[in-house]
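Read the numbers this way: they start at 1 and go in the same order the structure lists the ligands and their atoms.
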Amino acid sequence: MPSDGTRVPVADVLARSIKGAGVRMAFGHPGGEVVVLIDALQRHGVPFLLTHHEATAAFMALGHGEYTGIPGVCVATLGPGATNLVTGVASGLLERAPLVALTGALSTAAPSGTTHQALDLNALMQPVTKSSAEVTAVTARAAIDEALRISITPRRGSAHLSLPANVAVEPVRDDGALTQTEPDQRPEPDRDALDQAREVLRHAQRPAVIVGINAVQSGAAQAVRVLARTLRAPVATLPKAKGVMPEDDPLFLGTLEMAGDDLVVDFLKDADALVVVGVDPVEFDKPWRLSAPVVFVDEVPNTERYVPASVELVGDVPRLIGSLAEGQEASTWSEPAIRERRRAIWDHIRPQGSRLHPRDVVAAVREALPRNAIATSDVGAHKMLVGQAWAAHEPRTFFMANGLSSMGYGIPVAAAIRLIDDSHPVVAFVGDGGLSMYLGELETLVRAGVDILIVVFADRSLELIRRAQLRREVPIGGVSFENPDFTALGRAFGIHVAEVATPDELARALPALIHAAGVRLLAAAIDGDDYRF
Ligand SMILES: Cc1ncc(C[n+]2csc(CCOP(=O)(O)OP(=O)(O)O)c2C)c(N)n1
Ligand SMILES: [Mg+2]
């Protein structure tokens with residue numbers, strides 16, 4: 001292979017750029033059209049993990065992206081491989097995860113009129129990505145570098161490339177100048193806006209801080225903590241920003257949009273100014289309910305206008321927050337009042353009297369795991385509970401589907417994170433509906449040697465949807481099902497399983513589950529009726 005790279009096959013050029021971007025591993029499910037690409041990835045030092053369903057591969061790539069900030073890569077074949085991939089790729093877009101999806105495509109040399117497995121893959125992927133393009137021998141280098149760059153440019157998300165099987169083996173015809181692989185430059189902050197924002201805070205008696213996902217992705221956690229402590233301001237987070245403020249900090253108020261959210265919002269109504277940091281409207285299912293003036297700080301402009309901003313600071317978030325904090329004084333908020341509200345939220349989400357409440361499960365698992373444990377949540381009634389009850393103390397230790405909010409996210413994201421970084425224990429909280437959707441992936445996890453605790457809330461119900469039926473006063477139906485025999489699943493997949501139905505059984509089962517290696521499943525029989533939002 002010549003050193004100037006002019007004769008390098010297209011698949012190798014893609015693999016080399018992917019390796020160069022820091023991608024740790026790729027996830028996928030092959031077809032004949034992508035075997036050359038997968039081989040190239042592996043030869044260039046990007047191991048490939050086979051999943052049983054392409055969506056799982058995309059969720060794993062998403063986990064790689066959300067955790068490391070470096071795009072995750074997933075691979076699928078053309079036709080059904082690409083259509084199966086769509087849900088995970090769309091999740092990358094709306095979960096704001098850097099992700100590059102690669103699919104095969106029909107050979108450009110296929111006889112005209114070939115329709116077998118032929119779909120317009122770029123048209124398929126266009127609405128669920130930031131960009132989708134077909135790779136040619138001329139554009140290969142620019143296309144992969146552009147896909148990688150687009151995926152890490154705020155707002156982060158998915159990019160897709162389709163690679164015709166014959167093009168993969170063609171030598172590139174333009175391996176020349178590298179395109180920019182860094183994200184686009186952030187705009188310079190507007191000095192007048194900064195002065196205005198500082199004035200808003202200087203006149204406020206009770207400023208509060210609301211934090212969203214871009215505070216995590218822009219590395220602003222430390223700056224937010226300093227600002228909050230300087231102002232002595234309560235901090236509420238959106239679910240994907242949990243951990244920006246340690247949740248045992250006296251200033252931590254609660255998580256918005258999750259169970260008990262009304263109590264968080266109600267407290268914030270007493271604020272006379274809000275600093276809203278990196279908040280992406282994708283996480284909101286409810287309208288903005290606060291009327292205090294808003295200082296909006298983000299990497300990207302407030303284009304959706306979901307947040308009614310009085311002043312907008314757009315640019316380098318940690319620096320902007322640092323400038324905002326300078327010279328500010330402590331507010332008149334009382335820390336005991338914040339603590340009392342936290343207690344009220346904690347009490348609210350668990351009504352008295354149930355045998356084993358989901359909050360008890362989250363609390364017991366939290367207590368059994370160290371401070372740096374990483375948790376993920378899937379989607380359903382349990383997510384509303386976990387998002388409020390799980391205490392995250394550092395950024396990037398809690399991951400939840402809260403953009404596309406697709407079932408199937410929890411387990412693959414936790415597994416990918418653990419494969420990339422084995423220094424934190426990981427736990428995935430999932431519903432029984434979500435678990436059954438991709439049950440076959442337990443084999444993937446066992447084969448990959450993932451150390452992971454899966455906690456399944458076994459209520460034999462799509463509980464969140466049952467609640468929707470109750471709310472909309474339609475007959476209950478099409479939302480209940482039977483679960484597999486979880487203990488037998490343990491034998492089938494070779495995993496450690498414990499089934500619990502009471503707090504005592506939970507306490508007895510937990511130590512062994514926490515300390516065992518490999519895939520462990522805790523099936524907690526709970527009553528879906530017990531969730532309180
Ligand atoms: C892929 C996908 N299909 C459907 C939905 C709609 N949905 C949201 S929550 C939910 C129920 C999930 O059931 P389960 O996993 O058992 O969680 P639970 O609500 O019982 O806690 C459904 C069907 C979704 N979010 N994602
Ligand atoms: Mg359920």
Who's the nearest protein heavy-atom neighbour of atom 20 (O) of ligand 1, and how far?
S461 O, 2.7 Å
Looking only at the side chains, is there a donor atom on one of E441 and T444 sitting less than 3.5 Å from an acceptor on the other?
yes
Atom 21 (O) of ligand 1: closest protein heavy atom, distance to 0.1 Å, is H382 ND1, 2.8 Å
Keeping the roles fixed (side chain from E499, backbone from A524), state whether a donor-acceptor pair exists under 3.5 Å.
no
Between S423 and D421, is a side-chain hydrogen bond (donor to acceptor under 3.5 Å, both in side chains) present by the stated rule, with each step listed?
CA-CA 6 Å; S423 62; D421 178 2; 2.5 Å; yes
Ion pair R342/D249, N-O distance below 4.0 Å
no
Nearest candidate to atom 8 (C) of ligand 1, where distance is taken over non-hydrogen atoms, out of V430, V479, I465
I465
Pick out which of E66, E257, Q217 makes a side chain to side chain donor-acceptor pair (under 3.5 Å) with K240.
E66
Looking at D459, the N, O or S atom sitting nearest the Mg ion (ligand 2) is OD1
Within the stated cut-off of 2.8 Å, is an N/O/S atom of D432 closer than that to the Mg ion (ligand 2)?
yes
Ligand 1 N/O within reach of M407 N/O, cut-off under 3.5 Å
yes
What protein heavy atom sits nearest atom 25 (N) of ligand 1, and how far off is it?
S405 O, 2.9 Å
E33 side chain to T77 side chain, donor-acceptor N/O pair below 3.5 angstrom:
yes
Protein contact of atom 9 (S) of ligand 1 - nearest heavy atom, named by residue and atom, plus distance
G380 CA, 3.6 Å
Tell me whether G434 has any N or O atom under 3.5 angstrom from an N or O of ligand 1.
yes
Candidates A458, A381, S406, G433; heavy atom nearest atom 18 (P) of ligand 1 found on A381
Y531 vs F457 aromatic rings, parallel, tilted or perpendicular, using cut-offs 30° and 60°?
perpendicular
Answer with yes or no whether the side chains of K130 and S151 bring together a donor and an acceptor at under 3.5 Å.
no
By number and element, which atoms of ligand 1 are closer than 4.0 Å to a non-hydrogen atom of E463?
18 (P), 19 (O), 20 (O)
Taking non-hydrogen atoms only, is D459 closer than 4.0 angstrom to ligand 1 via side chain, backbone, both or neither?
side chain
Is it true that R155 and E283 make a salt bridge, defined as a side-chain N closer than 4.0 Å to a carboxylate O?
no
Contact with ligand 1 for G408, non-hydrogen, under 4.0 angstrom:
no
If you measure every N/O of L464 against every N/O of ligand 1, is any gap under 3.5 Å?
yes
